[in-house]
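Just so it is clear, the values below take in all heavy atoms, side chains as well, and ignore hydrogens, waters and symmetry mates. Below, chain A is the first sequence line, B the second, and so on; all start at residue 1. Keep in mind that what you see is a predicted model, and the values were worked out from it rather than measured.
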Number of protein chains: 2
Amino acid sequence: MSLTTPDALAGGPLTDTRRHLLDAATDVFAEKGFREATIREICQRAGANVAAVNYHFGDKEGLYEAVLTACRNDHRNPESHLAMDSSVPPAIRLEAYVRWMFRRVLALDREFPLGQILNREMIEPTPALSRVVEVHIRPEARWLGGLMSDLLGPGFARDELSRATMSVVGQILFYKHCSSVVHFLDETLMPRRDDFEAHVRHITDFTLAATAGLRARREAQSGGASAPADSASPPPFCNPNTPT
Amino acid sequence: MSLTTPDALAGGPLTDTRRHLLDAATDVFAEKGFREATIREICQRAGANVAAVNYHFGDKEGLYEAVLTACRNDHRNPESHLAMDSSVPPAIRLEAYVRWMFRRVLALDREFPLGQILNREMIEPTPALSRVVEVHIRPEARWLGGLMSDLLGPGFARDELSRATMSVVGQILFYKHCSSVVHFLDETLMPRRDDFEAHVRHITDFTLAATAGLRARREAQSGGASAPADSASPPPFCNPNTPT
DNA sequence: CGCTGTTTTAAACTGTCGTTTGACTTTTTG
DNA sequence: CAAAAAGTCAAACGACAGTTTAAAACAGCG
């Protein structure tokens, strides 16, 4: 299996064509997904030969993995910092998170293609799904689960917490995964730059109203009854292979 | 352009091979989507020759459209009737609708492939998207918008109503569009037959708590202020081309 | 039976995409 | 400087998918 390729799997030196290929591949994979992206288009955008991908990265999958390795999540975003700041009230953190994720999902910031690649990976998973989940999705899901726990208060089981978390991201991802249908139904329904904040406020308010209502009901129910041992149950979205 | 095909666009007589092709194509399109479905597999399942599709339906798109024409929505479902019954309280109708849509989305009933085809059409639209939206999606969206209006009460503008409606279907569709990620994150989170009702109840409760909270806030706000002319604004998800 | 129109069939055609090849050029290095 | 290694390039290969073709099989009917 020792091919002529120099360092197909390792990072290797970032020569010019390597960089150009990585940049072009990042854009094309984000725009079209792994399957619909063609090596020919990537090489054309990179100004390289068709054989360059196989030479530098082994094959198409190797290039895709290299793109995933090169992409870093956008944690320098101020919304991200606000959402992560545990000294901020949960309602404010939720709004900051919704705004942050919504921006990434809708690709309102052009210079951040990882969000698009993650979306593609959800709809049409590739062999790199496990890495994508462990590196990018699971940490964020666990964090959001903690925030939802703060909003809902005690007395909720692990799966109830998980479902509430998924209700939040479901509202956001809907606009990405169903964008063609939404656009066709009524193009004014699709978030634009001028009404983006109204969408953020709706999803935040909808979620806050829901959690407040569920919390009030749970507190009224467990007024005298014994609450389930929630603090003993593991937090949601744990890695089952990492028993930490 | 007069080909040798008998009645490529019209329905034509339902000979044996036609029926077998339609049945096989329905299954394959539902399982793999338009793009990944291959004519060769459809013909193999139908026990027909590869040229049969082009002879009977013109091309792959013609077969797809014929499948869409042959598929009818499942309005004989008891949950559908309960949801549509305007004499039933809105909260009950919402729960019935969530159960109905969830079952279609998750394909818990094997004998109803249209739901899968609709899902594929959202993620990867084909030229048949406009027909699919007008025939199947828009009527249901408008109906659900009316139900959300009942839940939210007066005083909500058209786009607020639309966003609330999309918050509901977003929660449901999430499990379909992100099934691979959810399965990988924690396979116990994916709805199964034994905890399906718990998911239905969560989405229903989450939505009911949200609408109740938003309604209470709106009623408190517009205690003395003038409410916007909501009854004059058109209902959500109207067809902009049909000014009825 | 023989003719006609319809349906079926095996095979080939066309285009695309990932990959490989072998010659050529550039860079590194002893 | 010259040999070796690394990189580039045009061209082709092999697989696959949608479509077409032309001959064969079949049906109805005088």
Side-chain angles (χ1 to χ4, degrees), chain A residues 1-25 27-29 31-67 120 124 126-128, chain B residues 1-25 27-29 31-67 120 124 126-128:
Chain A
M1 278 294 183
S2 94
L3 303 173
T4 329
T5 59
D7 31 23
L9 296 182
L14 265 73
T15 144
D16 269 6
T17 41
R18 274 187 94 97
R19 279 191 59 82
H20 293 157
L21 277 177
L22 270 179
D23 290 346
D27 292 343
V28 177
F29 281 138
E31 290 174 24
K32 315 221 167 150
F34 177 77
R35 179 138 190 150
E36 299 226 21
T38 71
I39 289 187
R40 283 177 168 81
E41 180 177 0
I42 293 172
C43 291
Q44 190 180 352
R45 289 205 203 180
N49 189 269
V50 230
V53 166
N54 298 92
Y55 178 75
H56 284 283
F57 300 94
D59 57 359
K60 193 182 174 185
E61 266 190 35
L63 175 59
Y64 186 68
E65 303 241 5
V67 166
R120 298 282 184 179
E124 192 182 23
T126 76
Chain B
M1 279 293 184
S2 94
L3 301 174
T4 330
T5 60
D7 30 24
L9 297 181
L14 265 74
T15 139
D16 269 7
T17 40
R18 276 187 92 98
R19 279 190 58 83
H20 292 156
L21 278 176
L22 270 178
D23 290 346
D27 293 343
V28 177
F29 281 139
E31 290 174 22
K32 315 223 168 149
F34 178 77
R35 178 138 192 148
E36 299 226 20
T38 71
I39 289 187
R40 281 178 167 83
E41 180 176 1
I42 293 172
C43 291
Q44 191 180 350
R45 288 204 205 181
N49 190 270
V50 232
V53 165
N54 294 279
Y55 178 74
H56 284 283
F57 300 96
D59 57 357
K60 194 182 174 186
E61 267 191 32
L63 175 59
Y64 187 68
E65 302 240 5
V67 166
R120 299 281 184 179
E124 191 182 25
T126 75

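Protein atom CD of A:E41 is 16 Å distant from nucleotide atom P of C:dT19, rounded to whole Å. At whole-Å resolution of the value, CD in B:Q44 and C1' in C:dA10 are 16 Å apart. Taking atom OH of residue A:Y64 and atom P of nucleotide C:dG18, one finds them 14 Å apart after rounding to whole Å. Distance, B:Y55 OH to C:dT6 P: 7 Å, rounded to whole Å. Atom CG of A:D59 and atom C1' of D:dA15 are 16 Å apart (whole Å). D:dA15 atom P lies 18 Å from atom NZ of A:K60, rounded to whole Å. Rounded to an integer number of Å, the gap from NE2 of A:H20 to P of D:dT8 is 11 Å. One atom, CG of B:N54, and another, C1' of D:dT19, lie 5 Å apart when rounded to the nearest Å.
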Given B:N49 and B:Y55, is the side chain to side chain contact (heavy atoms under 4.5 Å, CB included) satisfied, shown in steps?
CA-CA 10 Å; B:N49 190 270; B:Y55 178 74; over 6 Å; no
Residues A:T126, A:R120; criterion side chain to side chain contact (heavy atoms under 4.5 Å, CB included); working and verdict
CA-CA 9 Å; A:T126 76; A:R120 298 282 184 179; over 6 Å; no
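With a 6.0 Å cutoff to the six-membered ring centre and a 45° limit on the axis angle, A:R35 does not count as a cation-pi contact of A:F29.
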Filtered N/O pairs between nucleotides 23-29 of chain C and protein, under 3.5 Å:
none

Could you pull out the protein-nucleic contacts involving nucleotides 9-13 of chain D (nitrogen or oxygen on both sides, under 3.5 Å)?
unit_1	atom_1	unit_2	atom_2	d
D:dA10	OP2	A:N49	ND2	3.4
D:dA10	N7	A:N49	ND2	3.3

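Here the rule is side-chain contact (heavy atoms from CB on, under 4.5 Å) with A:C43, and of A:L21, A:T38, A:V28 only A:L21 fits it.
Phosphate contact (OP1/OP2 of D:dA6, side-chain N/O of A:H56, threshold under 4.0 Å): absent.
For A:A24 against A:I42, the heavy-atom pair with the smallest separation is CB-O, 3.6 Å. Minimum interatomic distance between A:K32 and A:E36 (heavy atoms only, all atoms of both residues): O-CB, 3.3 Å. Closest approach of A:L22 and A:F57 over heavy atoms only: CG-CZ, 4.0 Å.
For A:E31, the side chain to side chain donor-acceptor pair (under 3.5 Å) partners are A:R45, not counting sequence neighbours. With sequence neighbours excluded, the residues satisfying salt bridge (Lys or Arg N to Asp or Glu O under 4.0 Å) with A:E65 are A:R131.
The salt bridge (Lys or Arg N to Asp or Glu O under 4.0 Å) pairs that include a residue from residues 52-61 of chain B number zero, where partners must be two or more places apart or lie in different chains.
Each end of the helix from C:dC1-D:dG30 to C:dG30-D:dC1 gets its own rotation axis from five pairs of C1' atoms, and the angle between them is 30° to the nearest 10 degrees.
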